[in-house]
Amino acid sequence: MDRYTETYPRRILPLLAICSFVVGLDAIMTVPLVPVMAESLEFSPEIGALLVTVYALVYTVAAPVFGTLSDHRGRKECIVARLFILGVGTVMAGFGTSFREIMVYRAVTGLGASMLEPAVFAMVADRFSYASRGKAMGVVMAALVASTLVGIPIGTYVAAVLSWRWTLCGVGVIAILLTLGAAVEVANDRPTQVLKLRLGMFINQYKAAFSSTSVSLALLSTFLWFAALQGVHANLGLFYSTYYGLTVHQIGLTLLVAGLGSVVGSVIGGRLADSVGKQAVVMISSVGTAIGVLSITWLTGSLFLTMSIHVFWATSFGLGHAALAAFVSELQPAGRGTVLSLNSSAMYGGMMSSTALAAVLLQVGGGTFNYVGIFCAAGALAVLPIIQRVATPCP
């Protein structure tokens, strides 16, 4: 056991799941709101996905620094302070008066999330053994994707009845209130001897991580995994509006249905990861995810068929999401916070790259999603041979 394992009561898992829910909700809340935000602020909806891109860019750059910080200063400090930053950034976005201004506030929100999410994942790994970690990680991941299932429909309903500004402000206030809960419920895990942070300490942590071939390959797998998802997912508001003329509220309902599949996939995938192996589940998921994302962008003649494929795609992704996170968490236990923060950077780096490229491919394709689908399917399939080469952890 490492220094944190016996620190937390079992009730910490629900709290970490709620933190994960808020991070997931905040990251994608702008997706279904793009059409109404574009109309309100008078910008082209085709560039709406850049609100995800800037969030992901800041996250990608900042996460490694704060992951190492959590290894040496404790997870609680990162979780509490960063929840507050995330909340404030989201509230300010709700008051934004231009696309450029909201981009700035989304960058602040990405900074808060970059400090928060890796600490949540690291705390799960600290608390649960590798043999049962898939199940625990599945709960946290299910909460992350449940933000689509529960939060998105509520948020889009609020936007339809009141305004998209109320939606963003509401998410921000929830994050700020959760800060108080985390401050009370999370046990103090600050090390007895706190080392003075120096640049060399960060460099040594990164060198140790990247000197491992398994860590490097796992990070590449995560990058591709999220690139394969977000190229299409970040543009689903535009997709359903373009092909089927759905309103913002109807788009929220479609994401609700697909989100259910993703939640179920995460829970089942976590359990399967503990029983049949983390790598095996990721490899199976990569194939299903590739088939799903390619099909949803090419078979667009029927809304029922599209939604059925969407559920299959979301479920396939959920199956591998928890398994991949649990697998990565044991590759370098001594620097777990650093590795998981690098993994989160890879996640959002994939999100940033694919959403930016998707904006270009949508322009090239004249607004159709065919090229985006091919790109995302290729990314998902590429995970399969890469993850096979990663050495299985020996906890």
Identify the heavy atoms of [X] and [Y] that sit nearest to each other, and give their distance.
X: A228; Y: G379; answer: CB-C, 4.0 Å
X: L51; Y: V54; answer: O-CG1, 3.6 Å
X: Q250; Y: T247; answer: OE1-N, 2.9 Å
X: M137; Y: A325; answer: CG-CB, 3.8 Å
X: Q279; Y: Q388; answer: NE2-O, 4.2 Å
X: A227; Y: C376; answer: O-SG, 3.8 Å

pair [X]-[Y]: side-chain heavy atoms closer than 4.5 Å:
X: V372; Y: N235; result: no
X: W166; Y: C169; result: no
X: L236; Y: I251; result: no
X: I174; Y: T90; result: no

* Asked: Are more than 12 heavy atoms from other residues, nucleotides or ligands located less than 6.0 Å from atom CD of E39?
  -> no
With sequence neighbours excluded, residues passing side-chain hydrogen bond (donor to acceptor under 3.5 Å, both in side chains) with [X]:
X: S98; value: none
X: W225; value: none
X: T355; value: T53
X: N343; value: T222

* Proximity of H233 and F226 rings by center, below 6.0 Å ->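 No, the ring of H233 stays outside the 6.0 Å limit from the ring of F226, centre to centre.
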* With side-chain contact (heavy atoms from CB on, under 4.5 Å) as the test, would you mind laying out the steps for L362 and L238 before giving the verdict? => CA-CA 11 Å; L362 284 170; L238 177 62; 4.1 Å; yes
In Å and rounded to the nearest 0.5 Å, what is the [atom1] to [atom2] distance from [X] to [Y]?
X: S308; Y: L299; atom1: OG; atom2: CG; result: 11.5 Å
X: F84; Y: L177; atom1: CZ; atom2: CG; result: 11.0 Å
X: H310; Y: L305; atom1: NE2; atom2: CG; result: 13.0 Å
X: F375; Y: L357; atom1: CZ; atom2: CG; result: 4.5 Å
X: L168; Y: I102; atom1: CG; atom2: CD1; result: 7.0 Å
X: L224; Y: S353; atom1: CG; atom2: OG; result: 10.0 Å

Do [X] and [Y] sit in the same hydrophobic cluster, where Ile, Leu, Val, Met, Phe, Trp and Tyr count as joined when their side-chain heavy atoms come under 4.5 Å apart?
X: M347; Y: I386; value: yes
X: F304; Y: M307; value: no
X: M92; Y: L83; value: no
X: V104; Y: I85; value: no
X: F95; Y: V173; value: yes

* With sequence neighbours left out, write down each residue that passes side-chain contact (heavy atoms from CB on, under 4.5 Å) with A359, or none if nothing qualifies. =>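 Applying side-chain contact (heavy atoms from CB on, under 4.5 Å) to A359 gives none.
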* To do: Check side-chain contact (heavy atoms from CB on, under 4.5 Å) between V360 and all other residues, then give those that pass, not counting sequence neighbours.
  =>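 For V360 the side-chain contact (heavy atoms from CB on, under 4.5 Å) partners, ignoring immediate neighbours, are V364.
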* Show your reasoning for whether side-chain contact (heavy atoms from CB on, under 4.5 Å) applies to L229 and H321. => CA-CA 11 Å; L229 171 73; H321 193 183; over 6 Å; no
* Residues Y105, V91; criterion side-chain contact (heavy atoms from CB on, under 4.5 Å); working and verdict -> CA-CA 9 Å; Y105 294 135; V91 169; over 6 Å; no
* Working for side-chain contact (heavy atoms from CB on, under 4.5 Å), residues F312 and I291 -> CA-CA 9 Å; F312 171 79; I291 293 172; 4.2 Å; yes
Atom pairs and distances, donor-acceptor, side-chain atoms in residues 255-275, under 3.5 Å, two or more places apart:
unit_1 : atom_1 : unit_2 : atom_2 : d
S266   : OG     : S262   : O      : 3.0
D274   : OD1    : G134   : N      : 2.9
D274   : OD1    : K278   : NZ     : 3.0
D274   : OD2    : G134   : N      : 3.4
D274   : OD2    : K135   : N      : 2.9
S275   : OG     : R271   : O      : 3.3
S275   : OG     : L272   : O      : 3.1

* **Sidechain-backbone polar pair: S241 side chain, G237 backbone, donor-acceptor under 3.5 Å** =>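 A pair under 3.5 Å: no.
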* Sequence neighbours excluded, every pair satisfying side-chain hydrogen bond (donor to acceptor under 3.5 Å, both in side chains) that has a member inside residues 280-307 ->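 Passing the test, one end in residues 280-307: Y244-T306.
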* Structure fact -> side-chain hydrogen bond (donor to acceptor under 3.5 Å, both in side chains) pairs touching residues 364-377, sequence neighbours excluded, are none
* Structure fact -> Applied to residues 20-36, the salt bridge (charged side-chain N to carboxylate O under 4.0 Å, His left out) test, sequence neighbours excluded, yields D26-R106
* Got a sec, which residues hit ring pair (Phe, Tyr, Trp, His ring centres under 6.0 Å) with F239, two or more places apart in sequence or on another chain? -> Y243, F369
Could you pull out all donor-acceptor pairs under 3.5 Å where a side-chain atom in residues 12-24 meets a protein atom, sequence neighbours excluded?
unit_1 : atom_1 : unit_2 : atom_2 : d
S20    : OG     : V140   : O      : 3.1

